[in-house]
Amino acid sequence: MPYNEDYFNSDEFHELLDSYETSLNTGQKPFMDASDLVDIADYYNFSGDYDKAVEAVDHALDLYPHSTLPNVFKARQALMEGDFEKAHQYADSIEDQDEPDYHYLVAEIKIAEGFIEEADRYLRDYAMTVEPEEYEDFIKDCANLYIDYNISDKAYEWMMRSKGDNSSDFKELMARTLFGIGKYKDSEKLFNELIDRNPYSTNYWNALASAQLMNDDYSNAITSSEYAIAIAPNEPEGIANKANGLFRMGNYEEALEYFRRLGKLVPDDNFVLLNIGVCLVNLGRHQEAIEPLERALEKSPDDIDVLPQIYQELAFCYSALKQPSKALEMLDLTEELPCDHSDMLVIRGHIQLENNMIKEAEESFQRAIKAADSAPSILLRIIVSLYDNRYVHACYQMFKKFFKVVNEYEPDFDKGYAYLALCCYDLGKQEEFQITLHRAVEKNPQETRMVLGFLFPEGMDPSDYIKWANQNIRIEEKN
């Protein structure tokens, strides 16, 4: 369930918090209502101080062992730890099982256990007992429950049962639901409306930045994250959003600065360490990149979601440092991991090509094509590898054949045109460069920015590339 940021900032809550902390500091037990102690626990959780949150709830359970909210808090803690039996025990400890929060907890335990449809039936049955004047709040609570577990399609189903209102709570929940089902533009519109009402909410600014990132609107995402950072300079989410926006725009130097700043706030986060390493790799600082990548490896020895990329980036580092055996050894470690093995074969071929292992590279590329059933995305990656290894003429010829086939059989495939334009630029093919640039901007502006942005003024929108290139880019054909 979402935290009430406005309440946490209110004088009323700060008086309550001061009273609680004064009691603890003087060695006394805080005698407060269970709901107040859970509010304090939620505040500590919101502030990232989980140990203090648990302490506040434990005080509540000492005073009110069968109270609903403290048992709900502890049950949810057990669910986060994957201890379903303990969660059931806390649910059974609740005395008043007519309370809505008890029913939400029962449904949440079912969701956490993977019984999504059973939970939905339970909530729909319970809905029959909800008073009409409470029904709208009930719908929002159900939707919030599914949002917490990233089950956005179910959240959307519940939101569609609502009559809707103009409250900030409803708008925020709808915005997050739309985000979850991939309607980023609609989500962005609602978060902008919420910001108009409360321009000092870091939650809204960060949510807006996230929607813009997902919609590939990196420039505006950076701007939104900067507002969040201005309001809360040490809040990790705003810094992470800005770092990700800078990274996706290819500004690796500044992205590195923000990932390092983020690393000071969350020093044990393996994704932050990985991103620091990736920035350094993209900056060509391969020796320097090894240290954060190895630290990420130490902190995630069993994390199958992140291990393949760590090994991949380490492979790039060792290859650039002319240690191909060690680079290929890193890729060997991905063979038993759940990842795109055809992609890993392309990387293997790229490293072999980089180290003049031509025959071995050709074999790896052929294996990748076969494993991917000649998927255009894999063929494209192989051609780009040829370019990166400065086989520009071969790359250009392969692109011509590639697009001839792709345009016939997969006309919606929109990647690769920027790379062909880059080949044309390197080979001095002025007219073909202009034509292909136009197609690249039309088909995939984000790829065009990433691949060709260095040719244009910093920050220029890809839609302006064509006109600027016509006026400013003159190249001579090379033999």
Side-chain angles (χ1 to χ4, degrees), residues 179 184-185 187-188 191-192 195 202-286 288-293 295-296 306 309-310 312-313 316-317 320 384 388 415 418-419 422 440-441 444-465 468:
F179 181 95
Y184 304 120
K185 271 292 180 189
S187 175
E188 182 180 340
F191 278 120
N192 270 313
I195 286 168
T202 55
N203 278 348
Y204 293 163
W205 281 115
N206 281 321
L208 177 61
S210 295
Q212 289 163 333
L213 282 171
M214 294 304 294
N215 207 42
D216 297 334
D217 186 2
Y218 306 136
S219 180
N220 280 321
I222 290 169
T223 300
S224 298
S225 67
E226 285 170 345
Y227 280 107
I229 293 168
I231 297 164
N234 294 317
E235 186 182 73
E237 189 177 357
I239 296 169
N241 281 331
K242 181 163 184 181
N244 284 317
L246 290 164
F247 181 89
R248 294 188 197 182
M249 288 189 75
N251 187 345
Y252 302 117
E253 194 72 62
E254 199 172 351
L256 175 62
E257 176 189 333
Y258 276 86
F259 278 125
R260 281 179 165 161
R261 180 170 164 183
L262 183 61
K264 291 177 182 177
L265 298 172
V266 285
D268 294 327
D269 191 304
N270 56 5
F271 281 100
V272 176
L273 290 166
L274 170 60
N275 279 306
I276 289 171
V278 174
C279 286
L280 289 165
V281 169
N282 278 285
L283 290 167
R285 293 154 63 178
H286 298 96
E288 194 179 342
I290 291 174
E291 188 269 336
L293 291 171
R295 281 175 57 209
V306 73
Q309 192 176 357
I310 297 175
Q312 170 187 310
E313 298 300 329
F316 286 140
C317 290
V384 171
D388 288 342
K415 298 177 178 65
Y419 289 100
L422 184 58
V441 169
N444 195 327
Q446 294 306 326
E447 181 190 73
T448 306
R449 186 203 300 274
M450 182 185 72
V451 176
L452 299 172
F454 74 97
L455 295 173
F456 300 92
E458 187 176 348
M460 178 178 281
D461 191 274
S463 62
D464 296 322
Y465 283 6
W468 194 91

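Closest non-hydrogen pair, Ala209 versus Ser225, comes out as CB-N, 4.1 Å. Nearest heavy-atom pair across Arg449 and Met460 is NH1-O, 3.7 Å. Here the closest non-hydrogen pair linking Gln309 and Leu274 is OE1-CD2, 3.6 Å. Contact detail for Gly245 and Ile222: the closest heavy-atom pair is C-CD1, 3.7 Å. Closest of all the heavy-atom pairs between Gly238 and Ala228 is CA-CB, 4.4 Å. Considering every non-hydrogen atom in both Pro236 and Leu262, the closest pair reads O-CD1, 3.4 Å.
Rounding to the nearest 0.5 angstrom, the gap separating the CD atom in Glu313 from the CD1 atom in Ile290 is 12.0 Å. To the nearest 0.5 Å, atom CG of residue Asn244 and atom CD1 of residue Ile239 are 12.0 Å apart. With rounding to the nearest 0.5 angstrom, the CZ atom of Phe456 is 10.0 Å from the CG atom of Asp464. Separating the CG atom in Leu293 from the CD atom in Glu288 is a distance of 11.0 Å, to the nearest 0.5 Å. The structure places CG of Leu422 at 6.0 Å from CG of Leu452, a figure rounded to the nearest 0.5 Å. Considering CD of Glu235 and CD1 of Ile229, their distance stands at 9.5 Å, rounded to 0.5 Å.
Contact of the Gln212 side chain with the Thr223 side chain is not registered, since no non-hydrogen atoms from C-beta on lie closer than 4.5 Å. Side-chain contact check for Arg285 versus Leu256: some heavy-atom pair is nearer than 4.5 Å. Within the 4.5 Å cutoff, the side chain of Glu237 has heavy atoms near those of the Ser210 side chain. In this structure the side chain of Phe247 reaches within 4.5 angstrom of the side chain of Asn282, judged on heavy atoms. When side chains are defined from C-beta on, Leu280 does not count as touching His286, because their heavy atoms never get closer than 4.5 Å.
Few gaps surround OH on Tyr218; more than 12 heavy atoms of other groups in view lie less than 6.0 Å from it.
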Evaluate Glu188 against Asn220 for side-chain contact (heavy atoms from CB on, under 4.5 Å), listing each step before the verdict. CA-CA 11 Å; Glu188 182 180 340; Asn220 280 321; 5.6 Å; no
Just do the salt bridge (Lys or Arg N to Asp or Glu O under 4.0 Å) check on Arg261 and Glu257 with the steps written out, would you? CA-CA 6 Å; Arg261 180 170 164 183; Glu257 176 189 333; 5.9 Å; no
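Within the 3.5 Å criterion, the main-chain N or O of Ser463 finds a donor-acceptor partner in the side chain of Asp461.
Ring planes of Tyr184 and Phe179: perpendicular class, angle over 60° (limits at 30 and 60°).
With no hydrogens or angles considered, no side-chain donor-acceptor pair links Tyr204 and Asn206 at under 3.5 Å.
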